[in-house]
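Everything on this sheet refers to the single structure shown next.
For the numbers below, each heavy atom of this structure counts, side chains included, while hydrogens, waters and symmetry mates do not. Below, read A as the first sequence line, B as the second, and so on, with proteins coming before strands; counting in each chain starts at 1.
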Amino acid sequence: MTQEFSAILIEWQKRHGRRDLPWQISNDPYAIWVSEIMLQQTQVVTVIPYYERFLSAFPNLEALASASLDDVLSLWSGLGYYSRARNLHKAAKMLSNLGKFPDSPEALSGLPGIGRSTAAAIAAFAFSRRAAILDGNVKRVFARFFGIEGHPGEKGVENRMWEKAESLLPESEIGCYTQALMDLGAGLCSRRNPDCAKCPLNSGCIARLSGRVHELPQPAPKKALPLRETTFLVLAREGRLLFERRPGKGIWAELLCFPELAQGQDLSVFDPSNTECLPSFTHAFTHFRLKIEAVLIETGKHREGIWLSMEEALASPIPNPVRKILGRIRQPFP
DNA sequence: GTCCGGGATA
DNA sequence: TATCCCGGAC
């Protein structure tokens with residue numbers, strides 16, 4: 001049974017799995033590492049252009065280790081979860097001093113940004129090490145195939161799934177097997193539209209056999225997201241816009257952002273020659289939603305901060321809402 | 001517009 | 001446990 005599970009997946013992967021992704025063309029552990037970090041919490045189609053740009057700018061470990069954090073964050077701009085970029089940069093410096101890329105899951109998981117599952121994926125793809133992954137897609141496959149009740153966020157459920165993951169590992173072709181699990185979870189065994197007819201595991205899938213495919217995995221209880229509001233001040237002067245560096249902790253840490261209007265603060269302190277309200281929109285985070293108002297302020301008054309041209313701003317480490325607002329400002333602005 | 005999927009860290 | 005982002009489906 002255990003043998004069969006992996007054998008079926010390996011066979012399926014050879015026929016139907018993806019083998020042409022940019023990071024699959026080599027066994028370069030550096031390239032695989034970068035791809036696995038980008039793929040955390042992020043879909044393949046989103047990652048591909050970022051991965052291409054990143055590898056062009058930093059083709060190897062030394063290039064990344066010697067880069068500035070700002071350059072790394074700039075190439076990460078828009079991808080989200082910026083601590084991934086900071087951890088990647090930090091780990092590159094550590095690895096550069098080490099001189100050798102670790103090849104065991106244990107050593108890899110000691111690096112910043114690499115947890116148990118990511119360590120296993122890198123070890124399997126780059127070094128053919130026999131190690132179990134357990135990402136969100138794989139959890140869904142397991143919940144359905146084994147009919148595991150409870151949502152995967154629960155500790156007990158997750159522990160059971162790790163045990164399954166370890167016990168199902170094949171003796172060989174670990175890379176092929178690992179990719180198969182990922183592809184199956186991301187493709188056929190999707191949350192909303194599972195294509196059970198095409199699934200190589202359908203004959204043994206408990207959810208399928210008991211008609212509970214759409215009930216498993218059980219979703220986590222949902223929390224109502226609080227709504228916060230902010231007003232971005234887009235100060236324009238002599239063809240440049242004013243930015244501030246975000247604090248080192250919290251949302252968008254260390255990225256560049258527009259100054260925010262303080263509570264009760266009046267726009268007149270900026271001595272505006274002209275103001276224009278830009279359309280507001282809502283940006284979603286994990287734990288709250290942020291309603292963003294933006295006001296374009298033409299000012300003659302100098303103010304401390306980082307003044308950038310539009311071109312410079314677009315090449316800077318900025319979060320997506322800032323990029324969105326920049327796209328709405330017609331040029332030239334004063 | 002709203003909802004949902006997707007790992008690591010302190 | 002709470003915190004950290006965005007794109008795509010609907």
Side-chain angles (χ1 to χ4, degrees), chain A residues 33-51 73 76-91 105 108-122 131-144 151-158 161-162 165 181-187 189-194 214 216-228 230 246-255 257 279-292 317-325 327:
Chain A
W33 170 45
V34 171
S35 75
E36 289 303 327
I37 299 301
M38 286 188 172
L39 287 164
Q40 290 170 355
Q41 306 294 94
T42 311
Q43 318 258 2
V44 167
V45 288
T46 305
V47 163
I48 287 175
Y50 283 89
Y51 175 85
L73 286 172
W76 209 272
S77 170
L79 199 54
Y81 288 108
Y82 299 96
S83 62
R84 291 183 297 173
R86 287 190 292 275
N87 283 333
L88 197 67
H89 188 231
K90 187 176 173 186
L108 286 164
S109 64
L111 292 165
I114 302 183
R116 183 173 173 182
S117 187
T118 301
I122 297 169
I133 62 162
L134 187 63
D135 61 23
N137 289 326
V138 177
K139 286 176 181 174
R140 186 167 54 251
V141 172
F142 286 175
R144 286 175 173 165
H151 62 267
E154 291 173 41
K155 205 62 194 169
V157 174
E158 192 179 301
M161 289 186 172
W162 273 115
L181 264 185
M182 290 177 166
D183 287 358
L184 187 73
C189 198
S190 68
R191 174 87 219 176
R192 293 172 204 265
N193 290 314
H214 291 279
L216 295 173
Q218 190 180 307
K222 47 188 150 186
K223 54 226 158 175
L225 296 182
L227 181 66
R228 300 186 200 168
T230 189
R246 304 268 312 176
K249 289 182 185 298
I251 292 287
W252 302 327
E254 292 176 66
L255 272 68
C257 196
S280 72
F281 59 96
T282 302
H283 188 78
F285 293 92
T286 315
H287 45 301
F288 65 94
R289 299 188 309 133
L290 185 65
K291 185 178 183 189
I292 299 172
I318 53 173
N320 252 9
V322 170
R323 192 172 294 278
K324 189 168 176 173
I325 290 167

Atom-to-atom span, CZ of A:R140 to P of B:dG5 - whole angstrom
8 Å
Quick check: on DNA chain B, is the nucleotide nearest A:R192 upstream (toward 5') of the one nearest A:A119, or the reverse? Name the residue that is more 5'.
A:R192
So that I know where these two stand, are A:F281 and A:H283 an aromatic pair - ring centroids less than 6.0 Å apart?
no
Taking CH2 from A:W76 and C1' from B:dA8, how many angstroms apart are they, rounded to a whole number?
13 Å
Can you find a side chain N or O atom of A:Y82 that sits less than 4.0 Å from OP1 or OP2 on C:dC6?
yes
When you get a sec, tell me which of C:dG7, C:dG8, B:dT2 is the closest nucleotide to the side chain of A:R289?
B:dT2
How many whole angstroms separate atom NZ of A:K139 from atom P of B:dC4?
18 Å
Starting at OH of A:Y81 and ending at C1' of B:dG7, how long is that distance when rounded to a whole Å?
8 Å
Within this structure, what is the CG-to-P distance between A:N193 and B:dG5, rounded to whole angstrom?
12 Å
Has A:H287 got a side-chain N or O lying under 4.0 Å from the OP1 or OP2 atom of C:dC4?
yes
I want to check one thing: is the phosphate of C:dC6, taken as OP1 and OP2, less than 4.0 Å away from some side-chain N or O of A:W252?
yes
To the side chain of A:N320, which of B:dT9, C:dC4, C:dG7 is closest?
C:dG7
Whole angstrom value for the distance that separates P of C:dC5 from CG of A:L73
10 Å
Look at the side chain of A:T42 and the base of C:dC6, then say whether one donor and one acceptor between them are separated by less than 3.5 Å.
no
In whole Å, what is the span from the CD atom of A:Q40 to the C1' atom of C:dC4?
12 Å
Checking contacts here: which listed nucleotide (B:dG5, B:dT9, C:dC5) is nearest the side-chain heavy atoms of A:N87?
B:dT9
At under 4.0 Å between heavy atoms, what does A:P321 touch on the DNA or RNA strands: base, sugar-phosphate, or nothing?
sugar-phosphate
Name the nucleic acid region contacted by A:P219, choosing base, sugar-phosphate or nothing; use a 4.0 angstrom heavy-atom cut-off, strictly under.
nothing
Checking C:dT3, B:dA8, C:dC6 against the side chain of A:S117 (C-beta onward), the nearest is B:dA8
Mind checking whether A:L79 and A:R84 have side chains closer than 4.5 Å, heavy atoms only?
yes
Which residue lies toward the 5' end of DNA chain B, A:Q43 or A:T118, if each is placed at its nearest nucleotide?
A:Q43
Distance check needed: C:dC5 P versus A:E254 CD, whole Å only.
11 Å
